[in-house]
Amino acid sequence: MQHLRRLHEKAVGEGTEEEEEQQVKEERTPINLEDKDHEASWRDSICISVDAEDETVTPINVEDQLFDMFKDEKDDTIHMGKFLAALSESGLRKSDPRLKELRNNLYEMHTQLENPRVASPTTLTLDKTSFKRVIQDNIIIISRALRHQFVIPEWHDFTEYIEEFYWSCKGATGGKVASYIPQLARFSPDHWGVAVCSVDGQRFEIGDTNINFTIQSCSKPITYGMALNELGNEKVHTYVGTEPSGRMFNAIVLDYNDKPHNPLVNAGSIIINSLLQALVLPGMSSSEKFDFVQQYFRRMAGGENIGFSNGTFLSERENADRNYALGYYMRENKCFPDKCDLMASLDLYFQVSVDLDG
């Protein structure tokens, strides 16, 4: 708590309580990137004018400010490697999908060189006009990053604490890997990694974060969110409740309305997957529905790779007696939507749990 308090004090600075509250409100006000009128007013609001007597002063817009911040005074140009490194310091990755246009503009400028093979796009040196053309499409998020207006403004200090937590826990050797299916029991207990993503998309990782792993029950809130997004709250909760069960996650039990207690126990998640299978784009085949769900996961991951472990899927299906029992029990109690294919719904339930991240 002391660490977080120091971060807050450093971010807010000195001032009255009213000033601090107003600053926090301004920092947390969301920006709608699709609202062009808002973008224009936002650009105007960050222009700077200098007090002067008896002369007209031209406001300096944000692109000019950024150029002046990073330019080399010797030749009045910007080295893009230095600029991108500053963005990385704020927590933004170079691969962030919100910087797609910046990357495309930079690569396009790189291809216009007489000999593009001599240098990479990130080593380009740009004059003001070229620099402004490269960053103009992503200026809002770039400016927020470099003005420390993300939810964690002092990102470097924050990640230092994460590193401390990582190293302090790395020596822990207690516990066991999951063994309820054979494929999971084969994973090494020595793998240890931590990845963090803030609500503003600031990202940090340390340790064994490039090793693929199946998301297992972490898929349940994701598929629940998908069902809510596609079908709406009322439709979804016609089939599944919202209360804790007070029982084991895989208990063969329903609530007093003959529905699964909530979407995060096995029974509830099986129902959620049956809704995705039977009610969302119902004309799809099982293979098409699998691809649909995979693409959905990929979009929620910012376009990054989401894999699939067929071996783990088969292992899940071969050791799923209890989940099959849950499925038949709920079918007996008429929990599923009309024309639901129970086997296809269970297959989808197994498949989404063995999507790979890493």
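Since the model is a prediction, treat every value here as computed from it, not as a measurement.
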Find out if a path of hydrophobic residues (ILVMFWY) with successive side-chain heavy-atom gaps under 4.5 Å connects Tyr349 to Leu264.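 In one cluster: no.
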Salt bridge (charged side-chain N to carboxylate O under 4.0 Å, His left out) evaluation trace for Lys128 with Asp76: CA-CA 8 Å; Lys128 179 182 285 191; Asp76 214 31; over 6 Å; no
Polar side chain donor-acceptor pair, [X] to [Y], under 3.5 angstrom:
X	Y	answer
Glu205	Tyr166	no
Gln216	Tyr180	yes
Ser269	Asn266	no
Asp75	Thr77	yes
Arg133	Gln136	no
Tyr296	Asn229	yes

Candidate pair Ser90 and Phe150, rule side-chain contact (heavy atoms from CB on, under 4.5 Å), full reasoning: CA-CA 8 Å; Ser90 73; Phe150 285 155; 4.1 Å; yes
Under 6.0 Å from the [atom1] atom of [X], do we count more than 12 heavy atoms belonging to anything else shown?
X	atom1	answer
Arg247	CZ	no
Gln112	CD	yes
Phe70	CZ	yes
Lys170	NZ	yes
Asp338	CG	no

Looking at side-chain heavy atoms only, is the closest gap between Leu231 and Leu275 below 4.5 Å?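 Sidechains of Leu275 and Leu231: in contact.
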Are side-chain heavy atoms of Glu332 and Tyr328 found at a separation under 4.5 Å?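 No, every pair of side-chain atoms sits at 4.5 Å or beyond.
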For Leu66 and Ile139, what are the C-alpha separation, side-chain angles and deciding distance, and is it a side-chain contact (heavy atoms from CB on, under 4.5 Å)? CA-CA 10 Å; Leu66 293 176; Ile139 189 59; 3.7 Å; yes
Is it true that [X] and [Y] have a side-chain N and a carboxylate O under 4.0 angstrom from each other?
X	Y	result
Lys132	Asp64	yes
Asp258	Lys334	no
Asp72	Lys74	no
Glu316	Arg322	no

Nearest heavy atoms of [X] and [Y], plus distance in Å:
X	Y	result
Pro244	Asn262	CA-ND2, 3.8 Å
His237	Lys259	O-NZ, 2.9 Å
Cys335	Leu254	SG-CD1, 3.7 Å
Ile271	Met330	CG1-SD, 3.8 Å

Report the C-alpha separation of Asp190 and Thr173 in whole Å, then their side-chain angles, then the decisive distance to 0.1 Å, and conclude whether the side-chain contact (heavy atoms from CB on, under 4.5 Å) test is met. CA-CA 8 Å; Asp190 297 324; Thr173 57; over 6 Å; no
Hey, mind stepping through Asp200 and Arg144 against salt bridge (charged side-chain N to carboxylate O under 4.0 Å, His left out) and telling me if it holds? CA-CA 10 Å; Asp200 279 328; Arg144 287 188 66 208; 3.6 Å; yes
I'd like to know whether the aromatic ring centres of Phe336 and Tyr239 sit less than 6.0 Å apart in this structure.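 For Phe336 and Tyr239, the ring centres are not under 6.0 Å apart.
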Using 0.5 Å steps for rounding, measure from the CE atom of Met80 to the CD1 atom of Ile135.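 Spacing of CE (Met80) from CD1 (Ile135) equals 7.5 Å.
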Please lay out, stage by stage, how Phe83 and Phe131 fare under the test ring-ring contact (aromatic ring centres under 6.0 Å, His included). CA-CA 10 Å; Phe83 180 76; Phe131 173 73; 5.1 Å; yes
Angle between ring planes, Phe350 versus Phe313, binned at 30° and 60°: parallel, tilted or perpendicular?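 Judged by the thresholds at 30° and 60°, the geometry between Phe350 and Phe313 is tilted.
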Determine, stepwise, if the pair His148 / Phe158 fulfils ring-ring contact (aromatic ring centres under 6.0 Å, His included). CA-CA 13 Å; His148 302 285; Phe158 176 79; over 10 Å; no
Output, in order, the C-alpha distance, side-chain angles, deciding distance and verdict of side-chain contact (heavy atoms from CB on, under 4.5 Å) for Glu304 and Arg93. CA-CA 12 Å; Glu304 296 192 8; Arg93 286 185 173 182; 3.9 Å; yes
